[in-house]
Amino acid sequence: MKKMKGICLILAVTALLAGCGSAKTNSQAASTFTPTLDVTATVSGDTATLHIKTDLKLSKEHYDHARVTGEGHIHLSVDGSEKIIVTEPEKVLEHLSPGKHEARVSLHNNDHTPYDVGQTVTFEVK
């Protein structure tokens, strides 16, 4: 009798642990798409223009919506500032102070999850 209770207890604990260990699955399969990214900057006076080349489809229409493979937007941070959302292949930065600046660019899905693709570009305003 004790042996049977022990076996039942072990089976119950095993079933409970197995249920707790199962992860929720995303309804969308993980994408294997990894976009390309190349960022350059041109400076004129106190204005810098970032030229962003990517094969990611930049989508203003689907920004902040569900994930679509190969589509998304850019998160941009200049000199450690709060991120700016960019949905165009160029971004003009005006009224920059003289000196060196750093722009961090990263690619994100429509739902803001990262593609884990980013680049930092530095430039100088004279």
Scan residues 43-52 for pairs that pass side chain to side chain donor-acceptor pair (under 3.5 Å), counting only residues two or more places apart or in two chains. Thr42-His51, His51-Glu90

Output all residues satisfying salt bridge (charged side-chain N to carboxylate O under 4.0 Å, His left out) with Lys126, sequence neighbours left out; order by chain, then residue number. none

Suppose we screen for salt bridge (charged side-chain N to carboxylate O under 4.0 Å, His left out). Which residues come up paired with Lys57, at least two apart in sequence or across chains? Glu71

[X] to [Y] - nearest heavy-atom pair and separation:
X: Ala103; Y: Leu76; value: CB-CD1, 4.0 Å
X: Phe33; Y: Thr69; value: CB-CG2, 3.7 Å
X: Pro35; Y: Tyr115; value: CD-CD2, 3.5 Å
X: Leu58; Y: Pro89; value: CD1-N, 3.9 Å

With sequence neighbours left out, the residues meeting side-chain hydrogen bond (donor to acceptor under 3.5 Å, both in side chains) with Asp116 are none

Sorted by chain and number, sequence neighbours left out, side-chain hydrogen bond (donor to acceptor under 3.5 Å, both in side chains) with Asp55 holds for Thr36

For the backbone of Asp64 and the side chain of Asn110, can you confirm whether one donor and one acceptor N or O come within less than 3.5 Å of each other? no

Whether the side chain of Asp111 engages the backbone of Thr113 through a donor-acceptor N/O pair (distance < 3.5 Å, no angle test) should be reported. yes

Would a 4.5 Å heavy-atom cut-off, applied to side chains only, mark [X] and [Y] as touching?
X: Ile52; Y: Ile74; value: yes
X: Thr40; Y: Leu50; value: no
X: Ile84; Y: Lys91; value: yes
X: Val117; Y: Thr34; value: yes
X: Glu124; Y: Val43; value: no
X: Thr54; Y: Asp38; value: no

By ring-ring contact (aromatic ring centres under 6.0 Å, His included), His108 pairs with (sequence neighbours left out) His75

Got a second to check how far Ser59's OG is from His65's NE2, nearest 0.5 Å? 9.0 Å

Rounded distance [0.5 Å steps], CG in Leu37 versus CG in Leu56: 9.0 Å

Going by the ring pair (Phe, Tyr, Trp, His ring centres under 6.0 Å) test, which pairs reach into residues 78-106, not counting sequence neighbours? His101-Phe123

What pairs with [X] under side-chain contact (heavy atoms from CB on, under 4.5 Å), at least two apart in sequence or on another chain?
X: Glu102; answer: Asp79, Arg104, Thr120, Thr122
X: Lys60; answer: Thr87, Glu88
X: Ser81; answer: Ser77, Val78

Under a side-chain separation threshold of 4.5 Å, the hydrophobic residues clustered together with Ile85 are Tyr63

Taking the six-membered ring for Trp, are His62 and His73 ring centroids under 6.0 Å apart? no

